[in-house]
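Each remark here refers to the structure printed beneath this line.
Below, all heavy atoms of this structure are taken into account, side chains as well, without hydrogens, waters or symmetry copies. Residue indices begin at 1 and follow the sequence shown.
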Amino acid sequence: MHGDFSRRTYRPQEHYVAVVSQQGRVLLDAEANEQAELALAADRALAADLIGRHGGPGDGFRIEYGPESEGEKASLTIAPGRYYVDGIAVDATRPEPLPAVEECGGRPTDAGRAHPDTGAEAGARTADGTGTGPAWTYWDQPYAHRDVERDEDELPSGPFLAYLRVRDRLVTAVQDPLLRETALGAALPDTTARVRADWEVLPLRLGEDRRCDPAAAFDAWVAAQQDRTCRLAARAERPARTENDPCAVAPDARYRGPENQLYRVEIHRGGEAGEASYKWSRENGSVVLPLTAVDDWVTLEALGRDDKLDLDVGDFVEIGDDASDGRGEIHDLLQVVEIDLPGRRVRLSGEPAPTVGRQPGRHPYLRRWDQPESRRRGAPRPAGGAVGLVEGEWLDLEDGVQIYFAPCGQYVSGDHWTFAARTVTGAVEWPTDAGGRPLLARPAGVAYHYAPLAWIDDGQAQDLRKVFRQLTE
């Protein structure tokens, strides 16, 4: 989660169940966030223990197949209702459209007459969570951003499995402007963010053998997706050539930065070492500026609040929006080459991809990353503005902060690690063994959760969901 956090303290291996306040102490964002994560983890663990890996009541996420017809591509119908994946409650109920005020004294239109997207009757979820009202389709599901003009988004012509993919996504005022309290004024930052369970129904080809067991083949595929072989460690080592400034940094400090930071190291392009690349941020990737226009210049809704959270010439940035985030698309990072402060515009080293950042309804943004141009002799050529990944040696970030990628890793775009650097200790917060050696850790995310929904063959949908009745029925 690219939030503006001081640090992340949730550690499931410690089996804590609550955060307890003490009188006269300062309350930090990390402690409130840990309490939220503890409560969420407990709720999901209970649901997973009772339900299993996946299941739900009624018709929620029941799949029907619509074959290709004249002028229409093949599609899926996704029944409204709830379903649980690894204890995560996922809801496919459409929001009820609100009536608009008619001009010339007319009475409001009926709220439930027709949904603007489907023309179907609108409705609300029933008490048991099974859902009523219009269904989503494969092409208009809210977080998948399928595009009928893209051939790669089309459903396969042969047998395939329709599955549900779920992840937690951090939503800030950039993605949902209603989160911002306008009474605080534009000069102050936004306040809290939200975590949303995003879902997508996607197709998976499992081969042409119609005798295969789709559920077993899907389980094997999921195991391969969730097997993360890459590992990273972090530390701080006092650089060899350092001028001691006792007014800024303690002479024996290994971390030489002047401020406390939450570093984020994120895989940019995946693959094996030599083809994979990474990017990093000292602000957890939270320096995000909303966009209003993309052409020769990129126009921003506002610049950063101060010099620390603003843009400078030479900064690497990426352009994204809801669709590119949902798809997991990776585009080249671009550099800021010129800044127009009065016009709130920046000129970049290249033109952003034509498919991203140009639709206001998808909440386009510009995110800053902090890696400098690599001048390290013998280092791989940076891929698209990111840093070429090298395994088996300590790599310098800045101010004594170093990272280490363990050999034999297979890297996936979006995988990331975070760690705090503190001026008081002159070190980074990273687990070590009894001898003080940094431990190698798996990535903290992105964590995807999967469930099979239907096996589609010869135009027929075989339901693979697990359905249960409520205890009081």
**OP:** Check whether any side-chain heavy atom of Ile267 sits under 4.5 Å from a side-chain heavy atom of Leu389, and report yes or no.
**Re:** yes

Original post:
Quick one: CG on Leu333 to OG on Ser277, what's the gap to the nearest 0.5 Å?
Top reply: 8.0 Å

Subject >> Close side-chain approach of Leu289 and Leu311, heavy atoms under 4.5 Å >> reply: yes

**OP:** Start with the C-alpha gap between Glu34 and Tyr16, add the side-chain angles, then the distance that decides, and say whether side-chain contact (heavy atoms from CB on, under 4.5 Å) holds.
**Re:** CA-CA 10 Å; Glu34 182 178 350; Tyr16 295 136; 3.8 Å; yes

Original post:
Is the shortest heavy-atom distance from the side chain of Val288 to the side chain of Thr172 under 4.5 Å?
Top reply: no

Original post:
Between Asp321 (side chain) and Gly357 (backbone), is there a donor-acceptor pair under 3.5 Å?
Top reply: yes

Subject >> 4.5 Å side-chain heavy-atom contact, Phe160 and Arg205 >> reply: yes

**OP:** Please lay out, stage by stage, how Glu259 and Arg282 fare under the test salt bridge (Lys or Arg N to Asp or Glu O under 4.0 Å).
**Re:** CA-CA 10 Å; Glu259 297 186 20; Arg282 66 180 69 93; over 6 Å; no

**OP:** Begin with the C-alpha distance, continue with both residues' side-chain angles, and end with the deciding distance and a verdict on salt bridge (Lys or Arg N to Asp or Glu O under 4.0 Å) for Asp322 and Arg169.
**Re:** CA-CA 11 Å; Asp322 292 343; Arg169 185 190 179 198; 3.2 Å; yes

Original post:
Is it true that a side-chain atom of Arg465 and a backbone atom of Gly60 form a donor plus acceptor pair closer than 3.5 Å?
Top reply: yes

Original post:
When you measure from the side chain of Arg44 to the backbone N and O of Asp86, does any donor-acceptor pair fall under 3.5 Å?
Top reply: no

**OP:** Report the distance from atom CG of Leu453 to atom CZ of Phe61, rounding to the nearest 0.5 Å.
**Re:** 7.5 Å

**OP:** Please report the shortest heavy-atom distance between Pro80 and Thr93, naming the atom on each side.
**Re:** CB-CA, 4.1 Å

**OP:** Of all the heavy-atom pairs spanning Val346 and Ile339, show the shortest one and how long it is.
**Re:** CG1-CG1, 4.1 Å

Original post:
Going by atom types alone, do Gln410 and Thr229 pair a side-chain donor with an acceptor below 3.5 Å?
Top reply: no

Subject >> Atom pair CG/CD of Asp198 and Gln141 - distance to nearest 0.5 Å >> reply: 11.0 Å

Original post:
Does Asp140 come within less than 4.0 Å of Arg94, counting only side-chain N to carboxylate O?
Top reply: yes

**OP:** Answer yes or no: are there more than 12 heavy-atom neighbours, outside Arg442 itself, under 6.0 Å from its atom CZ?
**Re:** no

Subject >> Under-4.0 Å salt bridge between Arg196 and Asp176 >> reply: no

Side chains of residues 185-195: which donor-acceptor pairs under 3.5 Å do they make with residues two or more places apart or in other chains?
residue, atom, partner, partner atom, Å
Thr192, OG1, Arg194, NH1, 2.7

**OP:** Check Arg367, Lys308, Arg264 against Glu283 for a salt bridge (charged side-chain N to carboxylate O under 4.0 Å, His left out) and give me the one that passes.
**Re:** Lys308

Original post:
Between Arg167 and Asp325, is a salt bridge (Lys or Arg N to Asp or Glu O under 4.0 Å) present by the stated rule, with each step listed?
Top reply: CA-CA 12 Å; Arg167 65 159 180 157; Asp325 284 354; 5.7 Å; no

Original post:
Given side chains that start at C-beta, do those of Val265 and Phe419 come closer than 4.5 Å, heavy atoms only?
Top reply: yes

**OP:** Could you tell me how the ring of Phe405 sits relative to the ring of Tyr411: parallel (under 30°), tilted (30 to 60°) or perpendicular (over 60°)?
**Re:** perpendicular

**OP:** Rounded to the nearest 0.5 Å, what's the gap from CG on Asp340 to CZ on Arg347? Could you check?
**Re:** 11.0 Å

Original post:
Between Gln359 (side chain) and Gly361 (backbone), is there a donor-acceptor pair under 3.5 Å?
Top reply: no

Original post:
Does the pair Val337 and Leu348 meet the rule for a side-chain contact (heavy atoms from CB on, under 4.5 Å), with working shown?
Top reply: CA-CA 5 Å; Val337 298; Leu348 303 178; 5.8 Å; no

Original post:
Where the side chain of Asp29 meets the backbone of Ser6, is there a donor-acceptor pair that is under 3.5 Å apart?
Top reply: yes

**OP:** Spell out, as yes or no, whether a donor-acceptor pair under 3.5 Å connects the side chain of Asp315 to the backbone of Val336.
**Re:** no

Original post:
Within 45 degrees of the axis of the six-membered ring of Trp430 and under 6.0 Å from its centre: does Arg235 put its NZ or CZ there?
Top reply: no

Original post:
In terms of heavy-atom contacts, does CD of Glu351 have more than 12 from other residues, nucleotides or ligands at under 6.0 Å?
Top reply: no

Original post:
Between Ser413 (side chain) and Gly270 (backbone), is there a donor-acceptor pair under 3.5 Å?
Top reply: yes

Original post:
Hey, is the main chain of Thr299 close enough, under 3.5 Å, to the side chain of Thr292 for a donor-acceptor pair?
Top reply: yes

Original post:
Which heavy atom of Arg146 sits nearest a heavy atom of Asp153, and at what distance?
Top reply: NH1-OD1, 3.3 Å

Subject >> Considering all heavy atoms, the nearest Gln371-Phe316 contact >> reply: O-CD1, 3.2 Å

Original post:
Which is it for Asp296 and Arg345 under the salt bridge (Lys or Arg N to Asp or Glu O under 4.0 Å) test, yes or no, and what are the steps along the way?
Top reply: CA-CA 10 Å; Asp296 294 337; Arg345 303 186 307 165; over 6 Å; no

Subject >> Nearest heavy atoms of Gly314 and Gln335, plus distance in Å >> reply: O-NE2, 2.9 Å

Original post:
Considering residues at least two apart in sequence or located in another chain, which fulfil the ring pair (Phe, Tyr, Trp, His ring centres under 6.0 Å) criterion with Trp221?
Top reply: Tyr163, Phe218, Tyr450

Original post:
Looking at Ala233 and Pro438, what are the two nearest heavy atoms and their distance?
Top reply: CB-CB, 4.0 Å

**OP:** Check step by step if side-chain contact (heavy atoms from CB on, under 4.5 Å) holds for Tyr10 and Leu40.
**Re:** CA-CA 11 Å; Tyr10 174 62; Leu40 189 61; over 6 Å; no

**OP:** May I ask you to decide if Pro360's main-chain N or O and Arg362's side chain share a donor-acceptor pair within less than 3.5 Å?
**Re:** no

Subject >> More than 12 heavy atoms of other groups within 6.0 Å of Gln23 CD >> reply: no

**OP:** Please examine the side chains of Tyr448 and Val222, heavy atoms only from C-beta on, and report whether any two atoms are closer than 4.5 Å.
**Re:** no

**OP:** Determine whether more than 12 heavy atoms belonging to other residues, nucleotides or ligands lie under 6.0 Å from atom CG of Asp306.
**Re:** yes

Original post:
Are a donor atom and an acceptor atom from the side chains of Ser286 and Asn284 found within less than 3.5 Å of each other?
Top reply: no

Subject >> Modelled atom types, side-chain donor and acceptor of Glu398 and Tyr263, under 3.5 Å >> reply: yes

Original post:
Is a donor on one side and an acceptor on the other found under 3.5 Å between the side chain of Trp417 and the backbone of Ala441?
Top reply: yes

**OP:** Taking the side chain as every heavy atom from C-beta outward, state whether Glu266 and His2 have any pair of such atoms under 4.5 Å apart.
**Re:** yes

**OP:** Could you please spell out the steps behind the side-chain contact (heavy atoms from CB on, under 4.5 Å) verdict for Lys466 and Ile51?
**Re:** CA-CA 9 Å; Lys466 296 183 183 297; Ile51 298 171; over 6 Å; no

Original post:
How many angstroms lie between CD1 in Ile403 and CD in Glu393, if you round to the nearest 0.5 Å?
Top reply: 11.0 Å

Subject >> Exceeds 12 heavy-atom contacts within 6.0 angstrom, atom CZ of Arg25 >> reply: yes

Original post:
Centres of the Trp199 and Tyr83 rings: under 6.0 Å?
Top reply: no

Subject >> Between Glu318 and His268, a side-chain donor and acceptor under 3.5 Å >> reply: no

Original post:
Below 4.5 Å, heavy atoms only, C-beta onward: do Arg327 and Arg150 meet side chain to side chain?
Top reply: yes

